[in-house]
Amino acid sequence: MAPRPASTSTVSAEDTHKAADQPQDASRAPSIKYNTSGEVDESIVRAEGEDRTTLFVWGLVTAAATGGLLFGFDTGVIGGALVHRDVAADLGRVPLRNFQKEILTSATTLGALFGGMGSGILADLLGRKFVIGLADVIFIIGAVMQAVAFGPNAYWIMAVGRLVLGFAVGFAALIVPLYIGELAPTAIRGRLVTLNVVAITFGQVVAYLLNLAFQDVPHGWRYMVGLGAAPPILQICLLHLLPESPRYLLRNDRFDETLVILRKIYPYASEEQVNLKARVIATSVKQVAGASSGLVATWKRLHFVPANFRGLVIACGLQGIQQLCGFNTLIYYAPTLFKSVGFENSLVIGLVISITNFVFTLVALAIIDRAGRRRIACYTIPGMAAALILASVAFHYLTLSTGGVLPDNGVGLNSTFAPVVLAAMILYVACYATGIGNIPWQQGELFEMNVRGMGTAISTSCNWGGNLIIGSTFLSLIDRITAAGAFGFYAGLCALGAAFCWFLYPETAGLSLEETREVFSESFGIKKANKLRKDKEQALRQLRGTV
């Protein structure tokens with residue numbers, strides 16, 4: 001094996017042969033030095049071809065990421081439903097006021113907040129795959145409830161359907177990136193987790209295409225929301241193809257099943273490498289599993305072990321930045337907003353926004369492991385702030401003649417500045433999708449195994465808490481401080497987010513899950529992470545030079 005950094009473990013060739021001789025005995029792991037968090041670094045075993053994505057890995061990630069598509073679809077479809085010509089009459093709310101729109105929009109976010117809090121615990125108790133299936137069932141129930149909202153209580157049936165749907169969104173938002181992160185090889189983990197965000201943005205594109213398809217169909221909003229049941233039905237059909245997470249299996253002493261999965265993930269590796277990788281992961285899982293048990297003990301370990309708490313601060317901070325920057329105002333309210341700005345077909349503008357989001361998420365997919373999470377965040381979040389400042393200035397001049405008020409149909413506005421608003425929003429979305437739209441979902445890599453479920457649940461709850469604040473206040477905020485003031489306020493929050501990333505967020509690209517834990521052992525570890533990555537790159541160059 002190539003030399004490893006002093007803070008992580010090394011395994012000799014002799015240990016590799018021992019692993020091959022005794023593949024079933026997970027307890028008889030080779031002589032391994034543990035890092036300061038008590039975990040063993042899985043990446044000490046370099047499996048042949050582990051930086052290559054196989055059809056099996058792409059297939060299981062794509063099947064799992066259908067949950068992300070559901071997430072994106074159900075956050076995007078409400079924008080079209082709210083501006084459909086029949087929705088107010090069908091729900092018995094004519095006109096459909098801003099605060100009523102905010103209730104329908106934020107109901108999903110409220111459900112997601114509670115769903116995100118509980119899904120991590122369920123994932124640890126019942127498995128990652130079980131929670132994915134449970135989310136599918138809840139998605140179907142929520143979609144059907146919205147589509148069949150009839151009668152004098154139709155508005156509240158719709159609201160409850162949105163709330164139920166939110167639980168599924170919360171489950172999917174947490175469990176899918178966690179599941180993919182635990183299955184993915186270290187070298188391509190960021191890319192594969194980002195694929196889930198690609199699915200989310202693709203779901204938003206699909207939602208807006210359906211919005212356009214049904215905008216002139218009588219009661220077409222019912223078809224918009226009802227078709228949300230189709231993707232979860234598809235994922236349920238694919239669920240039997242998904243394996244359970246190797247780390248979850250090893251936590252429950254299912255070593256043989258783990259070997260079967262690892263052979264498929266690393267098809268180019270030798271049997272010795274696969275066996276040793278399984279045993280090293282098993283040693284890590286058992287080491288940290290013995291450190292605490294039960295919800296109270298896990299909560300204490302998450303908050304009172306300094307390395308765990310630092311990871312939690314980073315995860316919660318990134319999730320908060322993702323929402324408080326105001327992006328989801330565009331996803332939820334883009335048709336409403338651009339109709340007020342004066343664009344004739346606001347759904348087309350919403351589609352442009354969602355396509356921009358999708359395209360630049362593909363850019364993130366290509367660069368996130370190469371450029372690094374920290375570097376991308378430090379460049380793109382200031383870019384978001386600049387775009388929002390431009391939007392704020394454009395809204396100011398757009399509404400000069402109306403005293404800062406945005407009318408429902410754009411009448412009385414200075415239309416010269418409408419294209420500037422659109423250009424600013426496209427720039428903003430491009431920066432968001434390349435950076436903070438993806439980076440927080442790498443959160444599973446910030447926690448050790450025995451607190452990963454609870455840690456990601458808490459940080460995801462921060463995401464939904466911020467989303468709830470934004471979604472339930474955006475239209476009211478514009479009414480109170482004008483559109484120029486609202487977007488200037490979001491620009492200020494982006495500036496604070498950029499400072500957070502610059503001073504606290506270390507680079508984790510290319511580090512294994514266990515190495516990332518080592519980064520937080522003494523501080524937030526920006527310099528330590530850079531040194532670990534540099535040492536690892538040097539070791540890999542030496543390894544390639546001896547092959």
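The residues of the chain are indexed from 1 along the displayed sequence. Computed from a predicted model, the values in this text were never measured in an experiment.
The NZ atom of Lys264 sits 12.5 Å away from atom CG of Leu259, with the distance rounded to the nearest 0.5 Å. Between the NZ atom in Lys129 and the NE2 atom in His240 there is a gap of 8.5 Å [rounded to 0.5 Å]. Distance check: Phe309 CZ to Phe447 CZ gives 10.5 Å after rounding to the nearest 0.5 Å. With rounding to the nearest 0.5 Å, the separation of OH in Tyr505 from CZ in Phe500 is 9.5 Å. Atoms SG and CE, from Cys325 and Met384 in turn, are 3.5 Å apart once rounded to the nearest 0.5 Å. Atom-to-atom distance recorded for Phe327:CZ and Asn357:CG is 4.0 Å, nearest 0.5 angstrom.
For the pair Ala207 and Val77, the tightest heavy-atom approach, listed with the atom from each and the gap, is CB-N, 3.5 Å. Considering every non-hydrogen atom in both Val274 and Leu262, the closest pair reads CG1-CB, 3.9 Å. Of all heavy-atom pairs between Val205 and Leu351, the closest is O-CD1, 4.0 Å. Across every non-hydrogen atom of Leu113 and Ser461, the tightest pair is CD1-O, 3.1 Å. Across every non-hydrogen atom of Leu250 and Ala278, the tightest pair is CD1-O, 3.7 Å. Closest heavy-atom contact between Ala123 and Ile175: CB-CD1, 3.3 Å.
Between the Gln319 side chain and the Cys316 main chain, no donor and acceptor come within less than 3.5 Å of each other. A donor-acceptor contact shorter than 3.5 Å links the side chain of Arg374 to the backbone of Cys501. At least one donor-acceptor pair closer than 3.5 Å links the side chain of Asn252 to the backbone N or O of Tyr248. Between the Thr380 side chain and the Gly383 main chain, no donor and acceptor come within less than 3.5 Å of each other. Of the possible donor and acceptor atoms, none in the side chain of Tyr432 sits under 3.5 Å from a partner among the backbone N and O of Ile381. Although no hydrogens or angles enter the test, the distance criterion places a donor-acceptor pair under 3.5 Å between the side chain of Gln322 and the main chain of Ile436. Of the possible donor and acceptor atoms, one in the side chain of Asn275 sits under 3.5 Å from a partner among the backbone N and O of Glu271. In this structure, Arg373 contributes its side chain and Ile439 its backbone to no donor-acceptor pair below 3.5 Å. Arg162 places no side-chain N or O within 3.5 Å of a backbone atom of Thr108 that could act as its donor or acceptor partner. The backbone N or O of Asp136 sits nowhere less than 3.5 Å from a side-chain atom of Gln235 that would complete a donor-acceptor pair.
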Evaluate Leu276 against Glu272 for side chain to side chain contact (heavy atoms under 4.5 Å, CB included), listing each step before the verdict. CA-CA 6 Å; Leu276 186 54; Glu272 291 89 348; over 6 Å; no
Apply the test side chain to side chain contact (heavy atoms under 4.5 Å, CB included) to residues Phe139 and Val169: give CA-CA distance (whole Å), side-chain angles for both, the deciding distance (0.1 Å), then the verdict. CA-CA 8 Å; Phe139 266 121; Val169 170; 3.8 Å; yes
Using the side-chain hydrogen bond (donor to acceptor under 3.5 Å, both in side chains) rule, take Gln443 and Thr460 through it: C-alpha gap first, then chi angles, then the decisive distance, then the call. CA-CA 9 Å; Gln443 61 187 355; Thr460 301; 2.9 Å; yes
Determine, stepwise, if the pair Ile132 / Thr66 fulfils side chain to side chain contact (heavy atoms under 4.5 Å, CB included). CA-CA 10 Å; Ile132 292 175; Thr66 304; over 6 Å; no
Decide yes or no on side chain to side chain contact (heavy atoms under 4.5 Å, CB included) for Ile200 and Phe73, but give the supporting numbers first. CA-CA 7 Å; Ile200 293 173; Phe73 180 88; over 6 Å; no
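Arg254 is linked by a salt bridge (Lys or Arg N to Asp or Glu O under 4.0 Å) to Glu257, counting only residues two or more places apart in sequence or in another chain. Among residues two or more places apart in sequence or in another chain, the side chain to side chain donor-acceptor pair (under 3.5 Å) test is passed with Thr201 by none. By the side chain to side chain donor-acceptor pair (under 3.5 Å) test, Ser245 is found to be paired with Glu182, residues two or more places apart in sequence or in another chain being considered.
At least one side-chain heavy atom of Phe56 sits less than 4.5 Å from a side-chain heavy atom of Pro243. Taking 4.5 Å as the limit, some side-chain heavy atom of Leu122 sits within range of a side-chain heavy atom of Phe171. Counting heavy atoms from C-beta outward, Val451 and Leu312 have side chains that stay 4.5 Å or more apart. Counting heavy atoms from C-beta outward, Trp299 and Met454 have side chains that approach closer than 4.5 Å. Put simply, the side chain of Leu302 reaches to within 4.5 Å of the side chain of Ile458, judged on heavy atoms. Counting heavy atoms from C-beta outward, Asn463 and Trp441 have side chains that approach closer than 4.5 Å. You'll find the side chain of Ile138 reaches within 4.5 Å of the side chain of Val164, heavy atoms only. In this structure, the side chains of Phe202 and Thr361 stay at 4.5 Å or more apart for every pair of heavy atoms.
Checked by atom type, the side-chain pair Glu507/Asn530 shows no donor-acceptor distance below 3.5 Å.
The neighbour count for Tyr379 OH, taken as heavy atoms of other residues, nucleotides or ligands under 6.0 Å away, does not exceed 12.
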